[in-house]
Amino acid sequence: MNPGGLDYNYEDWTTIMNMTAKTSVLNLTQEEFIYPGNRACSGCGLSILYRIGLKALGRDCIFVVPPSCLTVMQGLFPIAATQMPVLNCTFASTAAIATGVRAAMKRLGRDTQVVAWAGDGGTSDIGIQALSGALERVEDIIYICYDNEAYMNTGVQRSGTTPQGTLTTTTPLSGKAEASKNIPAIIAAHNPAYLATCSASYPLDFHDKLLKAKEIKGLKYLHIQTPCPPGWGCEERMTVEIGRTAVETGLFDLYEIEDGQMKLSGPSQKLLGKTSLRPVREYLEMQVRFKALSDEQINVMQAEIDQKWAGYRDTF
Amino acid sequence: MSDAIIESGNVAAAMAVQLARAEVIAAYPITPQTPVTEKLSELITSGEMDAEYVAVESEHSAMAVCIGAASAGVRPFTATSSNGLLYMSEQLHWAAGARLPIVMCVVNRGIGAPWSVWNDHQDAISQRDAGWIQIFAKDHQEIVDSTLKAFRLAELTHIPVMVNYDGYYLSHTYMPFETPEPEQVDAFLPTFEYKHALNPERPESLNTVTLPDARRDVKSIQRGGYMDLRHNLHEEMRLAIKVWQEIDQEFQKVCGRGGAPIIDPYRCDDADFVVVAMGSLANQFRDVVDRLRDDGLKVGVLALQIYRPFPNSIIAEALQSAKHVMVYEKGLSYGYQGALYGDIKSALYPYPSRPCLHNFIVGLGGRGIPTESLFQTVKTACVQDEQMSPAQADEPRWIGLQL
């Protein structure tokens with residue numbers, strides 16, 4: 001709660017956070033960690049996540065960022081939009097650079113949280129080797145993958161997480177032939193300390209998962225579906241709506257894995273009580289990138305979602 | 001000063017790194033570097049060395065960990081060889097561009113394909129233009145001393161330093177060497193400090209996208225663009241030659257060894273014929289020189305101790321009285337000549353005396369370099385090459401081919 005519009009400082013706010021089960025707009029800190037006027041596109045899902053995510057992480061953090069939209073958003077030399085210390089690094093090395101920073105913090109006796117923040121290409125393709133190594137070594141870092149499902153910063157080329165049938169500049173006309181990689185499943189196979197999926201359309205869910213991650217030792221992995229209007233082919237005002245529709249149709253699920261146990265969280269958990277979900281077609285028709293999908297492909301997709309949720313209802 | 005130790009070159013390197021109090025060691029195994037990191041992991045596990053050992057999953061990540069640690073203000077170390085060095089090539093450029101004081105030992109080995117685990121210098125030569133300082137050690141003692149001095153050099157210039165030593169010839173042979181006392185090293189090498197160390201209390205964004213032109217910051221102070229930063233790296237690397245000389249003098253005061261940080265001439269004073277070489281090959285040539293002197297030929301050998309920054313004026317001046325200069329090297333720029341040869345040739349161009357130059361390629365992929373064949377090729381060059389045209393002499397000659 002924020003009675004009388006009091007602006008809590010970080011310590012007070014952390015205390016409040018620990019007392020409240022869920023963050024709401026009423027108790028979310030008013031402190032900002034990024035300056036207005038950055039280089040994100042209008043309607044950018046990442047900018048929502050970054051602004052709200054930093055409120056959860058607080059100031060005692062060091063960020064490690066490979067080439068991505070975030071590199072640009074954080075500012076071009078000698079001006080920074082972010083107020084955080086940031087180490088920009090080569091594309092393939094995010095988790096290894098974070099390992100080095102963490103090792104230094106250990107030597108210096110500092111608890112500073114090291115946060116690697118990469119895109120889907122930087123995580124699922126070129127960065128997966130370093131990430132797998134960091135997972136195996138149980139590095140004490142938070143790794144955030146904002147998944148906008150293609151190489152958006154270079155102009156919408158297909159990535160490992162681009163869904164089947166998606167139009168990108170390297171999968172033109174008929175869309176991507178191959179299915180996407182299930183990156184959270186690959187991460188889960190490493191038994192991380194904490195794994196969560198999030199959506200840019202539910203930033204407070206992301207916020208609270210970060211608060212939880214901060215308290216856990218070991219590698220914490222957060223995978224966030226992040227709508228991107230220029231890459232997905234939609235109006236800027238549709239960012240939040242599209243992300244919500246991905247969740248409400250049961251296509252993208254929000255869950256956490258702790259001690260090897262998966263449980264649905266937040267909005268996805270609420271869907272368990274429903275006998276039928278919104279059809280996935282609603283999600284697909286909001287975006288130009290899915291225009292190449294045939295009715296048959298959409299039916300297959302729907303059947304897969306239905307089967308997945310039948311399984312969830314049996315399990316949870 | 002401790003008593004002489006008889007150990008391998010790799011253990012000598014590890015002992016220097018321990019004395020330098022490196023705090024984050026990241027490494028990936030590759031022959032013939034592996035015993036360096038095995039030794040360091042043993043020292044750390046046994047508690048003899050206080051550092052973090054990070055067993056990374058690749059050389060690219062080994063350098064990444066060093067970049068992360070150095071950027072956060074902690075002294076790192078890694079070592080590699082051959083394809084491992086090439087795999088971290090992107091990170092080498094990054095470390096230099098980021099002006100990080102990182103030290104790495106490169107245990108020189110030929111590059112695949114085809115696979116070779118044996119010694120040559122092509123790994124280091126291929127990374128010549130990465131923005132790293134490159135030192136070449138000739139023996140076990142120089143591995144120890146150069147590694148210690150390299151930390152000081154990197155941290156004074158904010159330029160990463162590669163200490164090269166020959167795979168097997170130095171890495172796996174056992175030779176006597178001395179190590180300084182820890183207090184001596186502590187007096188010589190102050191605690192690591194990185195001016196722009198990542199710190200939430202003083203946030204900075206490092207290695208951000210930098211535009212072609214200079215740009216004003218929020219306080220309206222003009223900050224250089226990409227090209228200006230590169231210019232500064234180059235200029236400060238040129239100055240590193242002088243800094244390396246000063247460090248050598250400081251080290252000499254503390255440990256009593258040194259005096260030849262840039263070039264190490266042997267019987268060159270009155271020499272008409274001067275051999276130039278890097279690494280253990282230069283020491284091997286001392287025997288050759290002694291024998292040729294016995295035969296009445298005025299021959300000397302000049303060891304080049306630092307390859308980048310290239311000490312062009314020092315080496316050119318040292319060669320002013322020579323009539324013939326024979327450059328022997330274990331690497332080349334394919335399609336042209338030996339890389340060192342080309343550099344020496346261009347260094348001599350502005351000087352009044354331009355001796356006749358000869359280029360010999362030896363020992364690639366560990367091809368044996370019998371001292372006898374060095375003796376014969378130098379002798380032949382001294383006696384017969386007077387008749388060679390400059391164009392003929394300028395072509396690299398391959399020694400010991402078995403075609």
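In the text below, chain A, chain B and the rest are named by the order of the sequence lines, each starting its count at 1. Just so you know, these numbers come straight off a predicted model, no measurement behind them. Hydrogens, waters and symmetry mates are skipped; everything else that's a heavy atom, side chains included, is used.
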Side chain, backbone, both or neither: which part of [X] has an atom under 4.5 Å from a heavy atom of chain A?
| X | result |
| --- | --- |
| B:Ala214 | neither |
| B:Thr210 | both |
| B:Arg216 | backbone |
| B:Val24 | side chain |

So, A:Tyr50 and A:Thr82: side-chain donor and acceptor under 3.5 Å apart, yes or no? yes
Strictly below 4.0 Å, N to O, side chains only: are [X] and [Y] in salt-bridge contact?
| X | Y | result |
| --- | --- | --- |
| A:Arg107 | B:Asp50 | yes |
| B:Glu235 | B:Arg238 | no |
| A:Glu32 | A:Lys55 | yes |
| B:Glu204 | B:Arg202 | yes |
| A:Asp60 | A:Arg110 | no |

Among [options], which residue forms the greatest number of heavy-atom pairs with chain A at distances under 4.5 Å?
| options | result |
| --- | --- |
| B:Ser61, B:Gly224, B:Ser205 | B:Ser205 |
| B:Pro203, B:Gly225, B:Ala62, B:Pro200 | B:Pro200 |
| B:Val65, B:Val218, B:Asn199 | B:Val65 |
| B:Ile67, B:Asn207, B:Ile221 | B:Asn207 |

Just so I understand: if I count every heavy-atom pair under 4.5 Å between each of A:Pro78, A:Gly133, A:Ala104 and chain B, which residue has the most? A:Pro78
Given the options A:Met84, A:Lys106, A:Gln74, which has more heavy-atom pairs under 4.5 Å with chain B than any of the others?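 Most pairs with chain B among the choices: A:Lys106.
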Between B:Leu189, B:Ile25, B:Val17, B:Thr191, which is the residue that forms a side chain to side chain contact (heavy atoms under 4.5 Å, CB included) with B:Arg75?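 Only match with B:Arg75 under side chain to side chain contact (heavy atoms under 4.5 Å, CB included): B:Leu189.
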For [X], is it the side chain, the backbone, both or neither that has a heavy atom under 4.5 Å from a heavy atom of chain B?
| X | value |
| --- | --- |
| A:Thr90 | both |
| A:Glu136 | neither |
| A:Gln83 | backbone |

A:Thr170 backbone acceptor or donor facing A:Thr168 side chain under 3.5 Å: yes
Is there a donor-acceptor pair closer than 3.5 Å between any side-chain N or O of B:Gln33 and the backbone N or O of B:Ile30? yes
